[in-house]
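Each remark here refers to the structure printed beneath this line.
Just the heavy atoms: all of them, side chains too, but no hydrogens, waters or symmetry mates, feed the values below.
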Amino acid sequence: KFTVTPPEWVKDHPGYFSLLDLGDTEREILFPQETLFGCNFCIRKNVLMEVGGFNPDGFSNLEYYWQRGDGETGLQRKIAQTPWRMLYNPSAWLFHQIPQTRLTHDFLIRRAQTQAVSDSFTYYRTHPGLFPLAKGLGLSILMNFKYLFNRITRSENDDLQSAVRKRYWAYRQSYAWKVLTTPALLFYTRLDTYWDKP
């Protein structure tokens with residue numbers, strides 16, 4: 001529920017605003033092609049305990065910013081590896097209020113930044129071994145150069161899209177560097193559970 005009429009560009013980034021509509025029919029979620037958002041998500045307690053609970057998500061304390069995980073997406077990844085099923089039920093809905101302060105370019109760019117940290121966590125959690133360390137850093141550097149080149153050659157028409165992608169890949173690169181230089185962060189991404197962690 002938008003508190004003001006949203007700008008047109010919001011429809012290009014539904015996931016960043018937790019907007020989800022998979023139709024009018026109850027059906028199974030096909031993870032990872034589809035995911036549910038935690039703002040309207042319920043799970044049986046025994047299943048939550050069985051799979052090790054949620055991975056970390058956002059923190060209000062910036063001290064833990066780089067320990068941000070993949071929250072409900074990571075939980076769904078764990079569930080997908082069990083016999084349990086995830087369902088989309090169109091009658092289980094709610095209004096999630098989106099204030100005017102979230103309908104700015106600055107918010108969207110910051111949201112891309114936090115998504116980059118979450119995606120990096122997922123990458124290192126799901127890609128064991130040493131090769132992914134170099135690959136993660138190399139890919140993020142390559143993508144940064146790609147978008148820098150696009151800006152120089154002006155082949156990137158949409159300034160907002162360009163700024164979003166630039167911030168996203170800059171933070172993917174920062175995370176990749178932190179993983180290489182701070183082994184504790186890599187270890188953190190691969191914990192079985194986070195019950196006793198911030």
Side-chain angles (χ1 to χ4, degrees), residues 1-82 84-123 125-126 160-161 164-165 167-168 171-172 175 189 191 193-195 197-198:
K1 217 176 203 4
F2 295 98
T3 57
V4 297
T5 303
E8 278 296 307
W9 52 260
V10 166
K11 70 180 186 310
D12 297 326
H13 306 278
Y16 284 178
F17 297 95
S18 300
L19 303 176
L20 179 69
D21 185 352
L22 299 179
D24 299 327
T25 306
E26 182 177 301
R27 63 179 179 79
E28 188 167 356
I29 291 293
L30 304 173
F31 186 89
Q33 298 89 343
E34 299 171 328
T35 59
L36 301 172
F37 296 119
C39 56
N40 189 15
F41 182 102
C42 57
I43 181 172
R44 291 180 180 172
K45 181 179 177 181
N46 64 305
V47 176
L48 180 69
M49 302 300 281
E50 177 185 316
V51 299
F54 284 92
N55 293 337
D57 202 344
F59 301 105
S60 58
N61 187 337
L62 292 179
E63 177 186 351
Y64 300 116
Y65 185 77
W66 295 101
Q67 292 171 289
R68 178 185 184 88
D70 54 7
E72 71 268 26
T73 305
L75 178 61
Q76 290 170 75
R77 184 173 291 103
K78 294 178 190 179
I79 294 169
Q81 296 168 352
T82 72
W84 294 103
R85 297 168 57 217
M86 294 176 279
L87 298 177
Y88 168 78
N89 185 334
S91 65
W93 58 268
L94 57 76
F95 285 117
H96 180 72
Q97 190 171 26
I98 302 174
Q100 185 174 5
T101 54
R102 291 190 181 185
L103 301 176
T104 66
H105 290 187
D106 285 345
F107 171 82
L108 186 65
I109 292 166
R110 286 194 314 273
R111 181 64 185 82
Q113 169 183 311
T114 57
Q115 189 62 48
V117 174
S118 292
D119 290 349
S120 295
F121 173 94
T122 298
Y123 175 79
R125 183 171 180 81
T126 58
L160 177 59
Q161 292 281 30
V164 166
R165 286 194 285 262
R167 181 69 62 89
Y168 177 87
Y171 270 73
R172 287 293 300 259
Y175 197 99
T189 67
L191 293 174
T193 71
Y194 295 86
W195 294 122
K197 301 297 177 193

Test Y171 against R167 for side chain to side chain donor-acceptor pair (under 3.5 Å), laying out the working first. CA-CA 6 Å; Y171 270 73; R167 181 69 62 89; 5.4 Å; no
Side-chain donor/acceptor of Y65 to backbone N/O of V117, under 3.5 Å: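 No; zero donor-acceptor contacts below 3.5 Å.
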Nearest heavy atoms of [X] and [Y], plus distance in Å:
X: Y168; Y: D119; answer: OH-OD2, 2.6 Å
X: N89; Y: S91; answer: OD1-OG, 2.7 Å
X: L19; Y: F37; answer: O-CE1, 3.6 Å
X: L36; Y: L87; answer: CD1-O, 4.0 Å
X: G69; Y: S118; answer: O-OG, 2.8 Å
X: C39; Y: H96; answer: CB-ND1, 4.0 Å

Rounded at 0.5 Å granularity, tell me how far OG1 in T126 sits from CZ in R77.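 So the OG1 of T126 and the CZ of R77 are separated by 6.0 Å.
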Point-to-point distance, once rounded to the nearest 0.5 Å, from CD of Q76 to CZ of F41: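 It comes to 4.5 Å.
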Of all residues at least two apart in sequence or in a different chain, which pass the side chain to side chain contact (heavy atoms under 4.5 Å, CB included) check with T193?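 For T193, the residues satisfying side chain to side chain contact (heavy atoms under 4.5 Å, CB included) (neighbours in sequence not counted) are W195.
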With sequence neighbours left out, what residues match A80 under side chain to side chain contact (heavy atoms under 4.5 Å, CB included)?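 Side chain to side chain contact (heavy atoms under 4.5 Å, CB included) check on A80 returns F31, M86.
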Can W66 and Y175 be said to form a side-chain contact (heavy atoms from CB on, under 4.5 Å), step by step? CA-CA 8 Å; W66 295 101; Y175 197 99; 3.6 Å; yes
If we count only N and O atoms by modelled type, under 3.5 Å, do the side chains of R111 and Q115 hold a donor and an acceptor together?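 The answer is yes; a qualifying pair exists.
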Check: R125/T189 side-chain N/O donor and acceptor closer than 3.5 Å: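 Per modelled atom types, R125 and T189 side chains form no pair under 3.5 Å.
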Residue pair V47, T82: steps toward the side-chain contact (heavy atoms from CB on, under 4.5 Å) verdict: CA-CA 10 Å; V47 176; T82 72; 5.7 Å; no
With sequence neighbours excluded, residues passing salt bridge (charged side-chain N to carboxylate O under 4.0 Å, His left out) with R68: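 If we apply the salt bridge (charged side-chain N to carboxylate O under 4.0 Å, His left out) test to R68, skipping adjacent residues, the hits are D57.
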Going by salt bridge (charged side-chain N to carboxylate O under 4.0 Å, His left out), name the residues that satisfy it together with E28, two or more places apart in sequence or in a different chain.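 So E28 forms a salt bridge (charged side-chain N to carboxylate O under 4.0 Å, His left out) with R85.
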After noting the C-alpha distance and the side-chain angles of N55 and T73, does the key distance pass the side-chain contact (heavy atoms from CB on, under 4.5 Å) rule? CA-CA 9 Å; N55 293 337; T73 305; over 6 Å; no
Taking the inter-plane angle between the rings of W93 and F95 on a 0 to 90° scale, is it parallel (under 30°), tilted (30 to 60°) or perpendicular (over 60°)?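 Rings of W93 and F95: perpendicular, as their planes differ by over 60°.
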N61, CG: over 12 other non-hydrogen atoms inside 6.0 angstrom: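 Yes, because the 6.0 Å sphere around CG of N61 holds more than 12 heavy atoms from other groups.
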What side-chain donor-acceptor pairs closer than 3.5 Å can you find for residues 97-106, not counting sequence neighbours?
from, atom 1, to, atom 2, distance (Å)
T104, OG1, F107, N, 3.0
H105, NE2, W9, NE1, 3.3

So do the side chains of Y64 and P56 get within less than 4.5 Å of each other, counting heavy atoms only?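 The answer is no, as the side chains (C-beta and beyond) never meet within the 4.5 Å cut-off.
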Report yes if some heavy atom in the side chain of V10 is under 4.5 Å from a heavy atom in the side chain of P7; otherwise report no.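 Result yes, sub-4.5 Å side-chain heavy-atom pair found.
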If a pair satisfies side chain to side chain donor-acceptor pair (under 3.5 Å) and one of its residues is in residues 31-52, list it, with sequence neighbours excluded.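 As it turns out, the side chain to side chain donor-acceptor pair (under 3.5 Å) pairs with a partner in residues 31-52, which skip direct neighbours, are R27-E34, E50-W84.
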